[in-house]
Amino acid sequence: MKIWIVSMECAGIAEAGGVKNVSFSLCKELMLLGHEITLFIPIYKSTSFSLIKDVKDYGQGQVQINHCGKTESISYSTAVCTQGNFNIVFINHPSFAEKEGVYTYTASEQEKNPEFIKGFGHKDTLFMDSLFSKAVSEYGKLNKEAVPDIIHCQDASTALVPCFAAKKSEYEKTAFVVTIHNAGPAYHHNFSSIGEAAWYTGLPEAELGGALNDSKVEPFLLASNAGAHITTVSEYYAKELIDPFNIDVTEGLSPIFFKRYTNIKGITNGIDFERYNPADKNESLLPYEFNPETGDLDGKYKCRDYCVNELQYANIPGVKTYGCINVRPQEKDKQIFISYHGRITNQKGISVLINTIPAILNNFESVKFIVAGQGELQLEQQLIELSQRFNGKVIFLNGYNRESARLVNAIGDFIVLPSFFEPCGLEDFISQIYGTLPVANATGGLNKIVDYETGFLYHNNSPENLIAKLSEVISIKLYKPDLIKKMITQASTHVHQKYLWRNVIINEYIPFFESILK
């Protein structure tokens with residue numbers, strides 16, 4: 001098959017959230033399986049070219065696109081990714097090239113312009129989304145030989161592609177897929193009104209009116225109405241997206257999907273195991289090697305010692321450290337480390353975690369918490385205050401650094417995942433590969449954790465229920481350590497065997513793609 005993957009981000013090129021891993025792995029593995037793959041992605045100020053070769057300008061230079069009452073000039077560059085050898089088409093336009101982040105402003109952008117607040121979405125997001133989608137659909141007119149069998153769009157920021165491309169004769173035999181990675185509040189990239197949607201898209205008002213969620217126009221609904229097949233990133237989240245009672249966590253979308261009998265295909269994301277393999281420190285980026293699948297955890301605890309003795313005092317690029325962890329040598333073997341790594345946002349249940357930490361530390365002398373991430377300033381401040389209040393027991397690594405982020409996953413006995421909703425979840429995979437058992441709220445894709453076999457699940461997300469579950473798993477670790485060791489081996493083996501991206505693509509994606517070909 002000839003497939004275009006359309007995404008605002010891709011691992012190793014331009015990174016923001018979990019979409020980057022899906023985009024990269026789909027391109028790489030589908031190409032290795034013999035399909036012809038092209039990634040469409042903008043060029044940002046922060047784009048990395050370390051994995052890119054053979055960059056060339058395509059066509060006769062600038063292409064003119066009618067957009068928001070003006071003619072915008074865009075251009076295309078072609079290239080090849082050295083990992084997987086898949087093709088890339090870069091979209092060039094100043095609105096992308098001036099951005100340091102994919103979706104949000106950075107601290108340096110805020111320093112230059114106080115209106116660009118760190119962590120907040122770009123003010124011209126809708127302009128960029130619709131321009132990018134128009135540019136992708138225009139490419140088939142320039143290069144008809146490149147027109148694919150399938151265009152697979154990643155999340156709301158690219159969901160408009162089917163709306164533009166389906167109207168062009170070049171794509172009459174092309175099938176469209178839009179994957180919902182997150183339908184939570186603030187992730188819809190929706191338009192506030194039909195008038196605003198008409199301004200950015202140029203689509204007829206009648207078409208826009210068929211995609212209303214209250215007064216807002218939804219790109220996901222526009223894509224579905226244009227004939228795109230809708231998928232999401234786990235079977236569990238697919239069920240939640242058509243549950244009419246999930247109004248709040250889908251910002252009103254699920255009742256609409258339910259009323260329309262929308263068929264949403266759930267395919268759980270995989271993981272590129274080799275990129276995290278703890279038995280190869282060149283890939284894992286960890287200071288020591290170990291193998292949870294064989295029960296070899298010596299290197300895991302050496303990584304923990306490294307964190308306690310060296311990393312927390314180091315100047316970590318991109319990260320500011322608050323608090324510290326103190327471990328007396330004679331008590332080292334009795335310590336229990338609980339990790340969290342991810343976005344510091346309400347969706348991730350950080351408020352639940354903040355209200356849980358004091359109770360656990362007051363009840364269990366041997367427990368330490370290590371938290372890493374960035375996001376909402378108020379939640380970050382509360383974590384800073386916790387690290388100061390429980391100095392020696394709580395450390396907060398505020399920011400993002402790939403090596404330290406992986407270390408946080410690796411050194412824990414448990415990783416806590418108190419998300420209020422979670423479409424798929426990646427941190428549970430990574431932690432299980434590193435011999436760290438997840439303790440998670442049973443929501444969305446986190447339900448793929450096998451309770452008491454590959455991790456622990458609790459229900460009804462509240463501090464009280466998380467405190468109860470953590471108290472239970474800490475007691476199991478203290479009094480039944482052999483059970484924990486058995487679960488570590490089961491969890492790491494389970495993820496490696498069942499959720500390799502190649503297996504997911506062969507068993508799920510390829511049959512699905514073949515079934516929708518026109």
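Numbers for residues simply follow the sequence, beginning at 1.
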(request) Return the set of residues passing side-chain contact (heavy atoms from CB on, under 4.5 Å) with T158 (not counting sequence neighbours), or none when no residue passes. (result)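 V6, M8, F132, C153.
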[Y]/[X] salt bridge by N-O under 4.0 Å criterion:
X: E111; Y: K118; answer: no
X: E289; Y: K281; answer: no
X: K348; Y: E422; answer: yes

Are more than 12 heavy atoms from other residues, nucleotides or ligands located less than 6.0 Å from atom [atom1] of [X]?
X: D248; atom1: CG; answer: no
X: E235; atom1: CD; answer: no
X: E472; atom1: CD; answer: yes
X: Y313; atom1: OH; answer: yes
X: F49; atom1: CZ; answer: yes
X: Y301; atom1: OH; answer: yes

(request) Would you please name every residue forming a ring-ring contact (aromatic ring centres under 6.0 Å, His included) with F257, sequence neighbours left out? (result)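 In terms of ring-ring contact (aromatic ring centres under 6.0 Å, His included), with neighbours along the sequence ignored, F257 is linked to no residue.
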(request) Measure the OG-CG distance between S431 and D413 for me, rounded to the nearest 0.5 Å. (result)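 Output value for this atom pair is 12.0 Å.
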(request) Assert yes or no for the condition that the ring centre distance of H494 to Y499 is strictly below 6.0 Å. (result)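 Ring-ring flag for H494/Y499: true, centres closer than 6.0 Å.
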(request) Verify whether the ring centers belonging to Y306 and Y288 lie closer than 6.0 Å. (result)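 For Y306 and Y288, the ring centres are not under 6.0 Å apart.
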(message) Just to verify, which of L297, T489, T493 counts as forming a side-chain contact (heavy atoms from CB on, under 4.5 Å) with P292?
(response)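 Exactly one candidate clears the test, L297.
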(request) Kindly state each residue pair satisfying side chain to side chain donor-acceptor pair (under 3.5 Å) with at least one member in residues 98-108, sequence neighbours excluded. (result)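 Non-adjacent pairs meeting side chain to side chain donor-acceptor pair (under 3.5 Å): E9-Y103, K99-D124, E100-T106, E100-S108, E100-K112, T106-S108, T106-E109.
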(request) Only one of Q381, E380, K320 passes side-chain hydrogen bond (donor to acceptor under 3.5 Å, both in side chains) with N398; say which it is. (result)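 The option that passes is E380.
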